[in-house]
Structure formats: C-alpha cells, structure tokens
Visitor: 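Got a structure for you, written out below as structure tokens; questions coming shortly.
Values reported hereafter were calculated over all heavy atoms of this structure, with side chains retained and with hydrogens, waters and symmetry mates removed. Convention: sequence-line order gives letters A, B, ...; per-chain numbering from 1.
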Protein chains: 2
Amino acid sequence: MTLLSQTSRYALQATAYMAECEDGAHRATVGDIASALGVPRNYLSKILHQLAKRGILTSTRGPGGGFRLATPPEQIRLIEIIETVEPRPAARECLLGRPVCSDTTPCSAHDRWREVNDAMTRFLEETTLADLAIGARRDGRDDV
Amino acid sequence: MTLLSQTSRYALQATAYMAECEDGAHRATVGDIASALGVPRNYLSKILHQLAKRGILTSTRGPGGGFRLATPPEQIRLIEIIETVEPRPAARECLLGRPVCSDTTPCSAHDRWREVNDAMTRFLEETTLADLAIGARRDGRDDV
DNA sequence: GCTTAAAATCATATGACCATGATAATAGGA
DNA sequence: TCCTATTATCATGGTCATATGATTTTAAGC
C-alpha cells in the first residue's frame, strides 16, 4: 500500500533539492544532498548515478564536481525519475488480474479502479520537478 | 509503483472468488481456490488464515471443511482485506516526506498528490467484495 | 478406531530492496 | 607532481515479500 518505494522517494527528494538550489544552476554534491536530506550517502550515490546514465542529471568528478540537472526543472517529469530507479511494471488492467474481468465484461469495481490508476499515472506524467519547488504555483502565478 | 502487493492481490482474488461461488454460502477450500486462480497453495493458506484470525473468514478443518466468508460480501470492504495482509503504513502527507512541505506551506504538487492518495483510499473504503463480482452493478441495477 | 480430507504450522529458500564500508578512478589546484 | 575532492564501483549484509515442501493437528465418515 505504499505508493512509492523508498528509492523513488530518495530520487524525488534529491532532484527536488537540486531544483531548488539556485546557486549556479541546480548543482549539488552527493554529500550535500545526503546530509541535507538525511538519506544514506552511498545509496543516494547509486541512485544519482542511475539518473545520470539516463540523462536526467550530468555528473562531473573531482574537486568542484557534483551532479546537476541536465535540463530545467520544468522539463523533468516525475515519471521519468521514477521509471529510472524502479522497473515499471506494466499497468495492471484489472485489480484482480483476472482476464475475464476486462473492459468488455467489467465488474463495477473495474472502472473505478481504473480511475484511481489513471489519476496516479496522470499525476506522475503531468507533474514536473518545478512543481515540487516550495511555493511553486501550478499555473505559474507567483504573485499573490 | 505497483499500487498493491502480490499478497494483497492474492487476498482480493481469493475472497472475490469466494464471494462469487454461490454453492452453499461462499465456501471453498484452499486447494480449490489455489488451483482455480493459479496461486501458490501454501502461501494462500497463510493469507486465508490471517483473514480468518481477523474475522473476515471462518475456517473449519477436516473433511468437508474449508473457508467461508464470515459475512455477506456486501459488508466486506476491500480496505479491511488489505489492511489484514499488509501492515498499513500511515498515509504519507507529502510525497517527498519533507516536513517543510505541509498543508500550510504546500508545493503545488502537494495538493494534487493528496488527491491521488485520497482517490486510492476512497476506492478501497467504498468498494466491497460484492462490487468485485463479475457483472455486479455499483448502483444495484442488475436489469439491462 | 481407522482412514482421509482439510487447515495449521514448521523449516527453508530465493530475490529484491535497502543499505554500509572500502576501494578505485578522475580531475582540479597548489 | 602531489594532494584532495568528488564520483564510480565493489563486496558484503540485513530484512522482507514471496514463495515451496514436509509435518502436525483437527474432524468427518466408514
């Protein structure tokens, strides 16, 4: 019943943190992020490495190095981050997984379950890292 | 990203199966259910045992025994089944788990995430086993 | 009582997720 | 060239979800 794995939450937390730090351009080191968010350092390192392989982050080694967002936060959808760190199982058609309960011969729960699924999927696809910034407004109104 | 654990799905499948078999009164053996649904027998046995301890099912041993629904399917909400087989973690307020993003200082994603959470919770609380029966109609209209 | 059908329980295994600590590779700057 | 900061990688371990197979307990029917 936990909707997101711990790993996914770490990934979202870390990238949201990077989206917020405006110093330079969304750059931070593993050490910074790990201590700021209180997440295990080496584990986070591996997660960020995955995100870098996927192209969501860029990494540079050595002094002055670290990770940074490869694109502006507005262009990074949450689904991309989550799909990177956990293998995405194909969305289940019926919550029971039984074939006889399909769209053509549904139980009443079938439709309502799909609504829940769709809401989840839509959220992850429509929300970007920019939306996670504290005080961010979905519609772009930053006044008032 | 899988909304329900395998164990929860087994529990729902098995109880839905029992809700459907009208022979006598929603009774079945582990063996019947396991082979009908193709789920591991001993594992299912333990799940059904948990549901019996919780009072959702009754069990009788020996020849002619088996499991049966303790109450009519209309009175068994999906949430009760799921809570029995997996420890329910307290609903997470923020999808990032960060305290500063609360209801008072939310990011825009916060509200929309809560909507998704609420939709999920509402579904599990409002849906009963009877709703999972093939051809069941939420509003009770069985004609047309 | 004996046999048999069924749940209940016990022992064990596997893989994934979630880590921890140590080491290697890279690169900037003195 | 050496030191140091940083990512990258390696080895290892714990816990839990998900099983599998064997054994024990219960109870019905002959």
Visitor: Could you point out which residue of A/T127, A/T121, A/T128 forms a side chain to side chain contact (heavy atoms under 4.5 Å, CB included) with A/E125?
Guide: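 When side chain to side chain contact (heavy atoms under 4.5 Å, CB included) is applied between A/E125 and each of A/T127, A/T121, A/T128, only A/T121 qualifies.
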
Visitor: Find the distance A/L44:CG to C/dG21:C1' and express it as a whole number of Å.
Guide: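 For the pair A/L44 CG and C/dG21 C1', the rounded distance is 16 Å.
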
Visitor: Nearest heavy atom decides the nucleotide; on that basis, is A/P63 or A/T7 closer to the 5' end of DNA chain C?
Guide: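 By nearest-heavy-atom nucleotide position, the 5'-most residue is A/T7.
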
Visitor: Nearest to the side chain of A/K46, heavy atoms from C-beta on, is which of D/dT9, D/dT20, D/dT7?
Guide: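 For A/K46, the side-chain atoms sit closest to D/dT9.
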
Visitor: May I ask you to test the A/R9-A/L12 pair for a side-chain heavy-atom distance under 4.5 Å?
Guide: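 Contact flag for A/R9/A/L12 side chains = no.
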
Visitor: Choose from C/dT9, C/dA19, D/dT18 the nucleotide whose nearest atom is closest to any side-chain atom of A/Y43.
Guide: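 Ranking C/dT9, C/dA19, D/dT18 by closest atom to the A/Y43 side chain puts C/dA19 first.
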
Visitor: To the nearest Å, how far apart are A/I33 CD1 and D/dT6 C1'?
Guide: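 Nearest whole value for this atom pair: 13 Å.
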
Visitor: From CZ of B/R61 over to C1' of D/dT23, roughly how many Å is that when rounded to an integer?
Guide: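 To the nearest whole Å, that distance equals 13 Å.
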
Visitor: Given atom CD1 of B/I47 and atom P of D/dA19, what is their separation to the nearest angstrom?
Guide: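 From B/I47 CD1 to D/dA19 P: 8 Å.
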
Visitor: Calculate the interatomic distance between A/F67 atom CZ and C/dT26 atom P; express it in whole Å.
Guide: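 Distance check: A/F67 CZ to C/dT26 P gives 15 Å.
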
Visitor: Given B/L129 and B/H26, is the side-chain contact (heavy atoms from CB on, under 4.5 Å) satisfied, shown in steps?
Guide: CA-CA 11 Å; B/L129 274 189; B/H26 310 304; over 6 Å; no

Visitor: For B/E86 and B/S8, which I'm curious about, is there any donor-acceptor pair between the side chains at under 3.5 Å?
Guide: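 A donor-acceptor contact under 3.5 Å links the two side chains.
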
Visitor: Let me test you: for the helix from C/dG1-D/dC30 to C/dA30-D/dT1, what is the angle between the axes at its two ends (five pairs each), rounded to 10 degrees?
Guide: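 Comparing the axis at each end, I get an angle of 10°.
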
Visitor: Counting just side-chain N and O atoms, does B/S59 come under 4.0 Å of either OP1 or OP2 of C/dA8?
Guide: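 True: B/S59 side-chain N/O within range (under 4.0 Å) of C/dA8 OP1/OP2.
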
Visitor: In this structure, how many angstroms lie between the C1' atom of C/dC17 and the CD atom of A/Q50, rounded?
Guide: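 It is 12 Å, rounded to the nearest whole Å.
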
Visitor: Respond yes when some side-chain nitrogen or oxygen of B/H49 is under 4.0 Å from OP1 or OP2 of C/dA8, and no when none is.
Guide: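 Yes, because at least one side-chain N or O of B/H49 sits under 4.0 Å from OP1 or OP2 of C/dA8.
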
Visitor: Below the 4.0 Å mark, does C/dA7 have OP1 or OP2 next to a side-chain nitrogen or oxygen of B/S45?
Guide: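 For B/S45, the contact criterion (side-chain N or O under 4.0 Å from OP1 or OP2 of C/dA7) is not met.
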
Visitor: How long is the line joining CG of A/N42 and C1' of D/dT9, in whole Å?
Guide: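 My rounded result for the distance is 10 Å.
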
Visitor: Knowing that exactly one of B/L57, B/I81, B/T15 qualifies, which makes a side chain to side chain contact (heavy atoms under 4.5 Å, CB included) with B/I76?
Guide: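 With B/I76 as partner, side chain to side chain contact (heavy atoms under 4.5 Å, CB included) holds for just one option, B/I81.
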
Visitor: List the steps, then state whether side-chain contact (heavy atoms from CB on, under 4.5 Å) holds for A/L3 with B/W113.
Guide: CA-CA 11 Å; A/L3 301 191; B/W113 174 247; 4.0 Å; yes

Visitor: Compare side-chain N and O positions of A/Y10 against OP1 and OP2 of C/dA19 and report whether any pair is under 4.0 Å apart.
Guide: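 Result: yes.
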
Visitor: Given side-chain contact (heavy atoms from CB on, under 4.5 Å), test A/M120 with A/F123 step by step and report yes or no.
Guide: CA-CA 5 Å; A/M120 176 78 172; A/F123 172 82; 5.7 Å; no

Visitor: Roughly how many Å is it from CD in A/E86 to C1' in C/dG15, rounded to a whole number?
Guide: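 Going from A/E86 (CD) to C/dG15 (C1'), I get 16 Å.
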
